[in-house]
Amino acid sequence: MRRGGPWQRFKGRKRAYVSLWIFAGLFVVSLFSECVANDRPLLVRFDGKFYFPVFHTYSELEFGGEFDINADYRDSFVAGLIEEKGWMVKPPVFFSYGTINYDLPSPAPSPPTWVNPAGTDDKGRDVLARLLYGFRISALFGLALAVFSSIIGIVLGAVQGYYGGIFDIVFQRFMEVWSGMPTLFMLIILSSVVEPNFWWLLGITLLFGWMSLVGLVRAEFLRARNAEYVLAARALGERNSRIMFVHILPNACVSALSYLPFIMGGSITTLTSLDFLGFGLPVGSPSLGELLAEGKANLNAPHLGIAAFVTLALTLTLLVFIGEGVRDAFDPRRRS
C-alpha cells in the first residue's frame with residue numbers, strides 16, 4: 001500500500017518535522033534581527049509626528065537636542081526629551097550586536113542580568129543580540145553555500161556521468177587530487193591573503209565545497225544513460241542537453257536533496273572554525289566562532305562559551321534531524 005508522497009513521509013518523521021519548524025522559526029526571527037535586537041526604537045511619537053528610527057537615521061536636533069549628531073536613544077538625555085512630548089516603542093532587546101553597555105554592574109564580561117539576559121562579552125556587548133545576528137549570518141552562509149555548491153556539483157556530475165569516456169577519467173583524477181588537499185589549511189591561507197568578508201569567504205569555501213554531490217549525481221547518470229527512456233529519446237532526435245536536464249536530472253536531484261541539510265551544517269561548521277581561528281569575518285562582526293574564541297579567552301565567564309556552544313549545537317542538531325527526515329522521505333525502500 002502506498003504511504004503518500006515524500007512530504008507525507010517526511011511529516012511522518014515527527015522529529016524531523018518538528019525540527020524543520022523550529023529551525024524555520026528561528027531563521028525567520030533572525031531575518032528580522034533589526035526589529036528584535038536594536039539600539040534604536042521601532043517607532044517614536046514626538047510632538048505629533050511619527051518617526052521610524054529602525055529604518056532611518058535622525059539627528060538629535062529632531063527631538064530638541066543640542067547637537068547635530070545621530071540621536072542616541074539609549075542616552076537618558078535623548079530619551080527624556082522624547083518622553084516629554086511623546087513616547088517610543090523599544091525592541092525586545094534594546095541592544096544591537098555592536099552596542100556597548102556602559103552601565104554594567106560588574107566589569108566586562110559581565111554575567112547574565114535582567115538588562116542583558118545572556119550577559120555581555122569582554123567588550124561589553126550584549127551576547128543575546130550577537131547570538132541572534134550571528135545565527136542569521138551562519139544560516140545565510142550555510143544556505144548560500146549549499147545552494148551554489150549543489151548547482152555546481154550537479155551540473156559537473158551530470159556532464160561527467162552522461163558523457164563518460166576520457167572526460168570522466170580525467171575529471172575523476174582531478175577530483176582525487178583536489179579533494180586530497182588540506183581544505184582547512186588552504187582556506188586559512190587564502191583568507192589571510194585577502195581581507196575577508198561574507199562574499200569572499202563564500203567564494204573561497206565554494207572552491208572546495210562543490211565536490212560533495214558530484215559522485216552521487218555521476219553515479220545516477222551512469223546508471224540512467226543507457227536506460228530505455230534515454231535510448232528512446234536519442235532515437236527521436238532529442239538534444240543531449242534536453243535528455244540530461246529534462247529526463248535524467250529530476251531523478252538524480254531526488255537523491256541529491258537529502259544531502260542539502262548536511263552540506264548546510266558542514267558549511268556553518270567551516271565558517272565557525274574560520275571565525276574561531278581569526279581568519280573569518282571582519283573583526284567586530286557578529287559571529288558564533290568569535291564568541292567561542294572569547295569564551296576560550298575568558299574562562300572566568302562561562303556564559304560566553306555556553307551560549308555559543310548551545311546555539312551551535314542546537315543549529316547542527318536540527319539540521320541533522322531534518323537531513324535524516326529528507327533522506328528517509330526520498331528513500332525508495334520506504335515508499336511502500
Side-chain angles (χ1 to χ4, degrees), residues 27 137-225 240-241 243-275 277 279-281 289 315-316 319-320 322-324 326-327 330:
F27 182 62
I137 291 179
S138 298
L140 289 175
F141 183 87
L143 182 62
L145 187 59
V147 170
F148 290 138
S149 62
S150 298
I151 292 174
I152 296 174
I154 288 174
V155 171
L156 293 178
V159 174
Q160 184 181 358
Y162 183 79
Y163 289 104
I166 188 66
F167 178 79
D168 185 23
I169 296 175
V170 172
F171 199 77
Q172 279 296 103
R173 301 294 81 77
F174 169 76
M175 285 190 57
E176 290 173 1
V177 174
W178 194 250
S179 61
M181 292 185 178
T183 304
L184 184 59
F185 291 111
M186 294 298 296
L187 290 174
I188 292 175
I189 293 172
L190 293 175
S191 299
S192 62
V193 173
V194 297
E195 183 178 355
N197 57 46
F198 182 88
W199 296 108
W200 264 112
L201 290 176
L202 182 63
I204 293 173
T205 311
L206 189 60
L207 289 175
F208 303 94
W210 55 268
M211 294 179 289
S212 54
L213 292 179
V214 174
L216 176 65
V217 177
R218 171 180 174 269
E220 289 287 338
F221 271 75
L222 284 173
R223 181 181 60 84
R225 67 176 182 171
N240 287 330
S241 59
I243 296 174
M244 291 169 55
F245 297 107
V246 175
H247 299 290
I248 305 179
L249 185 59
N251 297 324
C253 284
V254 169
S255 302
L257 282 175
S258 60
Y259 282 81
L260 291 181
F262 300 108
I263 296 175
M264 188 174 176
S267 305
I268 293 176
T269 303
T270 300
L271 178 64
T272 303
S273 301
L274 291 174
D275 289 333
L277 297 173
F279 297 97
L281 297 170
T315 302
L316 298 180
L319 289 174
V320 169
I322 295 171
E324 290 178 348
V326 174
R327 180 196 60 194
F330 287 104

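With a 4.5 Å cut-off on side-chain heavy atoms, Phe141 and Thr205 count as touching. Taking the side chain as every heavy atom from C-beta outward, Glu220 and Ile248 never approach each other to under 4.5 Å.
One distance of note links CD1 of Ile268 with OG of Ser273; it measures 11.5 Å at 0.5 Å rounding. Atoms CZ and CG, on Phe198 and Leu202 in that order, are 5.5 Å from each other to the nearest 0.5 Å. Interatomic distance, CG of Leu249 versus CZ of Phe221, reported as 5.0 Å (0.5 Å rounding). Rounding to the nearest 0.5 angstrom, the gap separating the CD1 atom in Ile243 from the CZ atom in Arg225 is 12.5 Å. Summarising the geometry, atom CD1 belonging to Ile204 is positioned 14.0 Å from atom CH2 belonging to Trp199; distances are rounded to the nearest 0.5 Å. Note that CG of Leu274 and CG of Leu281 are 9.0 Å apart. Values are rounded to the nearest 0.5 Å.
Smallest separation of non-hydrogen atoms from Met244 and Tyr163: SD-CE1, 3.9 Å. Minimum interatomic distance between Trp210 and Val214 (heavy atoms only, all atoms of both residues): O-CG2, 3.6 Å. Here the closest non-hydrogen pair linking Ser258 and Arg327 is CB-CA, 3.5 Å. Ser212 and Gly209 get closest at one heavy-atom pair: OG-O, 3.8 Å. Residue Leu213 comes nearest to Tyr259 through the heavy atom pair CD2-CB, 3.6 Å, listed as atom of the first residue, atom of the second, then distance. Nearest heavy-atom pair across Gly157 and Val217 is C-CG1, 3.8 Å.
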Show which side-chain atoms of residues 144-154 pair as donor or acceptor with protein atoms under 3.5 Å away, not counting sequence neighbours.
from	atom 1	to	atom 2	distance (Å)
Ser149	OG	Leu145	O	2.6
Ser149	OG	Ala146	O	3.3
Ser150	OG	Ala146	O	2.5

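Judged as a salt bridge (charged side-chain N to carboxylate O under 4.0 Å, His left out), the pairs with a partner in residues 151-171 (not counting sequence neighbours) are, in order, Asp168-Arg218.
Taking the six-membered ring where the residue is Trp, Phe174 and Phe171 present tilted rings, their angle falling between 30° and 60°.
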For the pair Leu201 and Phe279, evaluate side-chain contact (heavy atoms from CB on, under 4.5 Å) and give the outcome as yes or no after the intermediate values.
CA-CA 9 Å; Leu201 290 176; Phe279 297 97; over 6 Å; no

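Considering Leu316, Val320, Ile322 as possible partners of Pro261, the one that fulfils the side-chain contact (heavy atoms from CB on, under 4.5 Å) test is Ile322.
Atom CZ of Phe262 has more than 12 heavy atoms from other residues, nucleotides or ligands within 6.0 Å.
Asn240 pairs by the side-chain hydrogen bond (donor to acceptor under 3.5 Å, both in side chains) definition with Tyr162, not counting sequence neighbours.
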